[in-house]
Student: 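Here it is: the structure, laid out below.
Residue numbers begin at 1 in each chain, while the letters A, B, ... track the order of the sequences. All of these numbers come straight from a predicted model, not from anything done at the bench. Basis for what follows: all heavy atoms, side chains included, without hydrogens, waters or symmetry-related copies.
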Amino acid sequence: MVSKKMYWKNLRKNILSSKARFLSIFSIVFLGAAFFAGLRNTPGTMMKSMDSYLDQHRFADLTYIATLGFGEDDLKAIENIQGIEIEYGYQFDAQTLLNNKLTGVKVLTSSQFDENMINYPDLQEGRFPKKNDECVIDSQMALMQIKIGDQLKISNNQGEKAFTVVGIVNDVRYLAITERGTNTLGDGTNEGFIEILNEDNDFLAMPKELYDLRDEDLLYNQLSVKVEGAEQYNIFSHEYDEYIEDVNTKLKSTLSLRMSDLYETISSEAKEELRKAEKKYNNGYDTFVKNKDNFDATILKAKIQLTNAKIELAKNETQYLKAQGQAGKEVQKMLETVEQTAKELESSLDSLNKKLEDYKDTPILSVPPEIKEIQKQMSEIQKIIQSSQGAIDGFDQLNNASMQIQQAKLQIEAQENQLTLTELQTRNELESAQKELDKSKILLDEAKEDMNAISKGKVYTLTRHEIAGIVSYDTNVESITAIAKIFPLLFFLVSALVSLTTMTRMVEEQRGQSGTLRALGYSKWDVIKQYIVYVIMATFFACVLGIVIGTELFPRIIYYLYNLMMFKANAPTLIYSGIDIAFQTFMISVFVTLFATLSVCFKELNLTPAVLMRPKSPKIGKRILIERITFIWKRMSFNQKVTMRNIFRYKKRFFMSIIGIAGCTALIITGFGIKNSVSQIVPKQFDDIFIYDGLARLEEEIHAKEAKDYQEQLLKRDDITNVEYVYSQSIEMMKNKEDIYANLVVYQSMDNIQNFIQFRDLNTQKKLSLDEEGVILSVKAAEILGVHKDDTLDFQLNDVKYSVKVSGITENYFMHYMYMSQTLYENITNESLNFNNAYVNLKDDTPSNRGTIEAFMKDKGYGNISYNDSSDSDFMKQIDSIDIVVVILIVCAGALNFIVLYNLTNINIQERKSEIATIKVLGFRRKEVYDYIFRENIILSVIGSIVGMFLGFVVHMYIIRTVELDLTMFERHLNVMSYVYAVAITIGFTMLINFTMRRVLNKVNMVESLKSIE
Amino acid sequence: MCALIQFKNIIKSYTMGDITINASDGVDFEVCKGEFVVIVGASGAGKTTILNLLGGMDTPTSGSILVDGENIALFDEKRLTEYRRDDIGFVFQFYNLVQNLTALENVELATQISKNPLDPSHILERVGLAERMSNFPAQLSGGEQQRVAIARAIAKNPKLLLCDEPTGALDYQTGKSILGLLREMCDTYKMTVVVITHNSALAPMADRVIHLKNGKVQSMELNDNPMPIEDIEW
């Protein structure tokens, strides 16, 4: 036991006497473990923290939005689905005046605001709305000078209403600072959201017609669903997705069924209505026709009777005149005329009677009584005339008859006038009836069209994959995961290697001691155990401490930085520490070092005590490869030769240094490279590829002929240099089981379009030639679909599928595009092309110029104009967050470089103490001594940097491809400056280390040179 | 005055805790130019301290050391470095050759910093290593290594050749030949050589012998007819 006691004492002394070495192993393992555990736990921590925040704020697992709204029956249909909690509300687009600018906002409503509500907002300031004219606003909007107590008037097509701001909130549906979605009003962008109560605000959400159509008094357009038991899964996990998908399938199918039922109901109701209306119209039409015939016949009959009366009158007059003619010859002529008239009248009566034949079937309405009266009078007149013939001489009688004839004439005339009047009036009435009928015919046709147009009512499902903020958070987590995958490993590799060399050095140094112990009778195991205990003491605690501190620190910092720059959620950090990660960390740091130590021990100590006690013969000097290349070797100065020999003498040290330094360079290259890759795409896309100044939407589609007029109109202006009309539509492209959405742009002129968009090959940067045989596809789309030049590609446009040849693939960074010529479009669709957008180039792209042009264009039937630079500002903000990555990587790189070089230089100095002391004694000046040792570091840094460039290239490529989203392509090429920065910083780090290590060199005592080599 | 080196009342004290030990406790001696000097003393007599002080590796607590008229006791680190660089050639007990350099390169390591060095290969020839110039130290025997060390020291063309137990790590015969070489170098190049050793048997070969004991010069004798090393037995 005594011996054991001494043994432990020796161990303790061992540690104490080599504090620097112990600390160096300790700190390297600590840092390695901390980086590894820390970075690997970061994604977990980010997910756990956000998940907890989302749970706490009761993020709706599912949100449904219905275009036709949800009515009472729809709600009933899903009421009895088990295991869900539902809230009804609205969400709609509106605009509000912010800083004198009409700004798009999303309005979200809830039935009440309390912590039991779904999507419970995170109140930052103030309180929740209690009255239906109160609102809380997006904290991002609050930054735009809106205060609690302000009035916000919001408006849309449905109406407008003023709300008092009572609070400022963050909402789980809008986690990211930048993403506020799109708006159907205004310029299409949203600046933020506001939240209000359901009650009395529904009129803003949906048009009144919808209520009429659905025949409901109460409709909602948004269902928020919380799935029971979903909170036990992390929202970013597959398990969660699967769990939710089950419920979603159930709900979605029920709702979809309801919506198709609803369509059936609405459309069959409408059909019934239409049928009725049609019947009514047809009846009306029949009646009209009947009435018209009736009228025509009646008028005719009346005319006949009138004519009869006139004939009678004429006869009477004849008789009268004959009677009178005896009195005078002049009358003879008059008589002839009257007879003539009677004849004519008779013939017209014939024709009238003939006409009447046509109306045989038509029941004839009664002839006006006045006409009968006339007839009666006529017969009376006749009687008088006949009676007067007998007494011709009675002149008075004759005069009497004449008077009566005159009277009858007047009456007939009056009746005739009356009849004409009646006819006219009736005809007018009939005409207006006809008009009325025509009108209702049009309405009927419209109703028919409307019936066909009744929309089927879409239900949109929003899961966490459709909430932009959560998706972008998820993407960021993925980027960190990608980074955490390789970088800490690099660190670990280096720290394991460093502790390996350190231990080797220690075992070698203590050969004599080990030999002595062995000679004293300690077993080999006893000696080895000493090192094992030493290593475990150093690595175990370092590892535990590293895991604890790393896990606590790194995720916190990274999460904090992300939250600071991108996400406004004040979610408290919940540290995730995976057992697997701790285990991995442990395995690598403790066991690798232990294994290394054991292998050194066995190699070094597997000798007899006698051999051990003799100092190990120093490493033999060797000629190096370079010496064979005489012409280089000869040109080297003596010092350079020495340095080269030394570098290549210690191969282990050489490779470790190279790995460490190359890792450092690679990290920095990756950092700057990522930054460059991401930030480059904005200028590339919006300065190099999109060279147009503005894109104006046309309020209505125009055809080619109109386009010409439109173009002339614009080109007349001095401040507009060029215009190209295009048809732009979103399409779905399909190939190799992949399908993606893209923008189809059909251009009019192959030459002119190139003044607005650059078509060039990504790699060669050569201009692409356009042709009419095929389309130009953007490169990322081609990549996803696996399409190459001259392949064919299917796409779906307005529900019709077409197939085209790809004749070129063009550089593009945002979104997917397919460019097609008008000729090709018309060939494949068999339709003539209509234009809906116009690319515009301005003479001077200044804000004031834009203002005048915009005003002019708005007047001429153009809608919104989006300028080529405004669309990227949001993205630029996001790019700033990349700086975090760069900083993290540079700090990591610096730490890595420092650990490696510090330790290796230290070991180098310790190993060559005697040599250093000797050259000091030989009279080397301080600077010469520094150079003698540090020149090696510089050369190692240069070699390491060169290796690091290749490594960085590979790592950068990996990272960029991993973090790239489907819709964006990053610049894949590393820029020269990234290399330059990386090499400069690496060399800088090396210089710094050299500088700090001077102290160690100065401390080497010349007296060392007098000691024997041990 | 022949004196190249003058030690005047040199005291060097080390403080260990509250105890102060005088490693040199008032050392006085002088050495003339071109002499072969042996400083002898048992372990702890203060030999190494004298060596350190004379070699410009350390400075005394008090007293003055005049080398060629200059008091190196007053030199700062920079001037001491220059002193070592230009005036001192050092031969170590364990040779202290740079393992990674060939014999010739080891010599060149010294000559490249000297003001007017001798030709390295010529010196190596002179020490009998013409054939082994391009060998690494590990390929050389102990005696050969020490010859390289001597060549390295001499090639600097120093005023003073300081040798610390030059035979300490060598066997008897090799030791003898090394001492012979040193003597020869002293005579050939008219160089002042100071050999520090615990072996008093070497005394007869020196022009001047200084005996150290308890940090003081116990005695100093001049030897008008130094014995050739071959004749000395121990």
Student: Take atom CG of L520(A) as the centre, draw a 6.0 Å sphere, and report whether it contains more than 12 heavy atoms from other residues, nucleotides or ligands.
Tutor: yes
Student: Taking every heavy-atom pair that is under 4.5 Å apart, which of D164(B), L109(B), D87(B) has the most such pairs with chain A?
Tutor: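 Going by pairs under 4.5 Å, I would pick L109(B).
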Student: More than 12 heavy atoms of other residues, nucleotides or ligands under 6.0 Å from OH of Y902(A): yes or no?
Tutor: no
Student: Quick one: CD1 on I919(A) to CZ on R84(B), what's the gap to the nearest 0.5 Å?
Tutor: 10.5 Å
Student: Given a strict heavy-atom distance threshold of 4.5 Å, which part of K156(B) is in contact with chain A: side chain, backbone, both, or neither?
Tutor: side chain
Student: With a 4.5 angstrom heavy-atom cut-off, could you sort out which part of Y932(A) is near chain B: side chain, backbone, both or neither?
Tutor: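 The answer is the side chain of Y932(A).
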Student: Decide yes or no on salt bridge (charged side-chain N to carboxylate O under 4.0 Å, His left out) for K641(A) and E108(B), but give the supporting numbers first.
Tutor: CA-CA 12 Å; K641(A) 288 180 189 171; E108(B) 283 172 343; over 6 Å; no
Student: Check N100(B) against V642(A) and note the closest heavy-atom contact, atom names and distance.
Tutor: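 N100(B) and V642(A) have their closest heavy atoms at ND2-O, 4.5 Å.
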Student: Using side-chain contact (heavy atoms from CB on, under 4.5 Å), reason through R926(A) and T81(B) one step at a time and then give a plain yes or no.
Tutor: CA-CA 9 Å; R926(A) 271 194 178 200; T81(B) 305; over 6 Å; no
Student: Which distance, rounded to the nearest 0.5 Å, do you find between the CZ of R645(A) and the CZ of F136(B)?
Tutor: 4.0 Å
Student: Let me know if E105(B) has heavy atoms under 4.5 Å from chain A in its side chain, its backbone, both or neither.
Tutor: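 E105(B) touches chain A through backbone and side-chain heavy atoms alike.
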Student: Output the distance between atom CZ (F638(A)) and atom CD1 (I113(B)), rounded to the nearest 0.5 Å.
Tutor: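 F638(A) CZ to I113(B) CD1: 10.0 Å, rounded to 0.5 Å.
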Student: Verify the neighbour count for atom CE of M636(A): are there more than 12 heavy atoms of other residues, nucleotides or ligands below 6.0 Å?
Tutor: yes
Student: Evaluate whether atom CG of N214(B) has more than 12 neighbouring non-hydrogen atoms of other residues, nucleotides or ligands under 6.0 angstrom away.
Tutor: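 Not buried by this count: 12 neighbours or fewer within 6.0 Å.
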Student: By a 4.5 Å heavy-atom criterion (distance strictly below it), what part of L51(B) contacts chain A: side chain, backbone, both, or neither?
Tutor: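 Side chain of L51(B) only, per the 4.5 Å heavy-atom cut-off to chain A.
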Student: To the nearest 0.5 Å, what is the distance between CZ on R925(A) and CD on E82(B)?
Tutor: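 It is 4.0 Å, given to the nearest 0.5 Å.
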Student: Which atoms of T102(B) come close to chain A, meaning under 4.5 Å heavy atom to heavy atom: side chain ones, backbone ones, both, or neither?
Tutor: both
Student: Mark yes when over 12 heavy atoms from residues, nucleotides or ligands other than F995(A) sit less than 6.0 Å from its CZ; otherwise mark no.
Tutor: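 Check fails, neighbour count at 12 or below.
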Student: Any sub-3.5 Å donor-acceptor pair from N96(B)'s side-chain atoms to T918(A)'s backbone N or O?
Tutor: no
Student: Between E928(A) and Q112(B), is a side-chain contact (heavy atoms from CB on, under 4.5 Å) present by the stated rule, with each step listed?
Tutor: CA-CA 11 Å; E928(A) 288 165 341; Q112(B) 53 139 356; over 6 Å; no
